[in-house]
Amino acid sequence: WFWIISIVGLIWNGMGAMNYLAQTTMSDETKAAYTAEQLAIVEATPAWVTAAFALAVWGGVLGCIALLLRKKWAKPVLLVSLIGILGQMIHGWFMTNSVEAFGTVMGIVIPVFVILIGIGLYLFAKSGIRKGWLT
């Protein structure tokens, strides 16, 4: 199950990285799929939130690669990823009206799920060190 969690974590974070790239290189066609309210939120995203998003996804990818390589440095890298996740979600929940604009699933359910996965991967790496799986 160590390998399953590590591979699924890498796939999950890879999807997040694809989402990051899609959001930071958004085409006019993609923008047209948003409501005016949603697009206003996306376009007003501060640079620090985009940086937090980058840390979250690229840290997650790198952290899961470290898990697959059975390296201890997975833990601090996954912690950086978790901090990025939390920064991004705090902005979305408390500094914008994203829950109203994007709805309950996109505004609450998915972000909570992302946070739980981030916590889970960090704790998994921490446990892996304690159990001697990661060196």
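No hydrogens, no waters, no symmetry mates; every other heavy atom, side chains included, goes into these values.
V80 places none of its side-chain heavy atoms less than 4.5 Å from the side chain of P76. With a 4.5 Å cut-off on side-chain heavy atoms, H91 and W48 count as touching. Between R70 and F2, some side-chain heavy-atom pair lies under the 4.5 Å cut-off.
Residue I85 comes nearest to G118 through the heavy atom pair CD1-CA, 3.9 Å, listed as atom of the first residue, atom of the second, then distance. Looking at every heavy atom in both residues, L78 comes nearest to G59 through CD2-O, 4.3 Å. Smallest separation of non-hydrogen atoms from P111 and V105: CD-O, 4.0 Å. The heavy-atom pair separating I41 from A101 by the smallest distance is CD1-CB, 3.5 Å. Shortest non-hydrogen contact noted between G84 and A56 is C-CB, 3.8 Å. Minimum heavy-atom separation, A52 to G87: CB-C, 4.5 Å.
Transitive grouping of hydrophobic side chains (ILVMFWY, heavy atoms separated by less than 4.5 Å) keeps Y122 and V8 in distinct clusters. In the hydrophobic clustering of ILVMFWY residues, with side-chain heavy atoms under 4.5 Å counting as a link, I4 and L10 come out apart. Hydrophobic clustering, with ILVMFWY side chains joined whenever heavy atoms are under 4.5 angstrom apart, groups L123 together with W133. Under the 4.5 Å side-chain contact rule for hydrophobic residues, L55 and Y20 do not share a cluster. I7 and L121 fall within a single hydrophobic cluster, where Ile, Leu, Val, Met, Phe, Trp and Tyr side chains are chained together by heavy-atom contacts under 4.5 Å.
Between the side chain of T30 and the backbone N or O of M26 there is no donor-acceptor pair closer than 3.5 Å. S6 contributes no side-chain N or O that, together with a main-chain N or O of L68, makes up a donor-acceptor pair within less than 3.5 Å. When atom types are taken as modelled, the side chain of S81 and the backbone of V77 share no donor-acceptor pair closer than 3.5 angstrom. In this structure, W93 contributes its side chain and G107 its backbone to a donor-acceptor pair below 3.5 Å. Between the side chain of Q38 and the backbone N or O of T35 there is at least one donor-acceptor pair closer than 3.5 Å.
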Could you walk me through whether M89 and V112 satisfy the side chain to side chain contact (heavy atoms under 4.5 Å, CB included) test, starting with their C-alpha distance in whole Å, then the side-chain angles of each, then the deciding distance to 0.1 Å, before giving a yes or no? CA-CA 9 Å; M89 299 312 168; V112 167; over 6 Å; no

Residues L134, W73; criterion side chain to side chain contact (heavy atoms under 4.5 Å, CB included); working and verdict: CA-CA 9 Å; L134 306 178; W73 53 267; over 6 Å; no

Could you walk me through whether V57 and N19 pass side chain to side chain contact (heavy atoms under 4.5 Å, CB included), step by step? CA-CA 9 Å; V57 298; N19 188 16; over 6 Å; no

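The distance between the ring centers of F53 and W58 does not fall below 6.0 angstrom. Remark: aromatic rings of W1 and F124 are close, center separation under 6.0 Å.
Remark: K71 NZ to I65 CD1 distance equals 13.5 Å, nearest 0.5 Å. Atom CD of Q88 is separated from atom OG1 of T45 by 9.0 Å, given to the nearest 0.5 angstrom. One distance of note links CD1 of I110 with CD1 of I117; it measures 10.5 Å at 0.5 Å rounding. In this structure, the separation between OG1 on T135 and CG on L69 is 10.0 Å, given to the nearest 0.5 Å. Within the model, atoms CD1 of I5 and CH2 of W12 stand 15.0 Å from one another, a figure rounded to the nearest 0.5 Å.
Around CE of M106, the count of heavy atoms belonging to other residues, nucleotides or ligands within 6.0 Å does not exceed 12. Residue K72 qualifies as open at atom NZ: its count of foreign heavy atoms under 6.0 Å is 12 or below.
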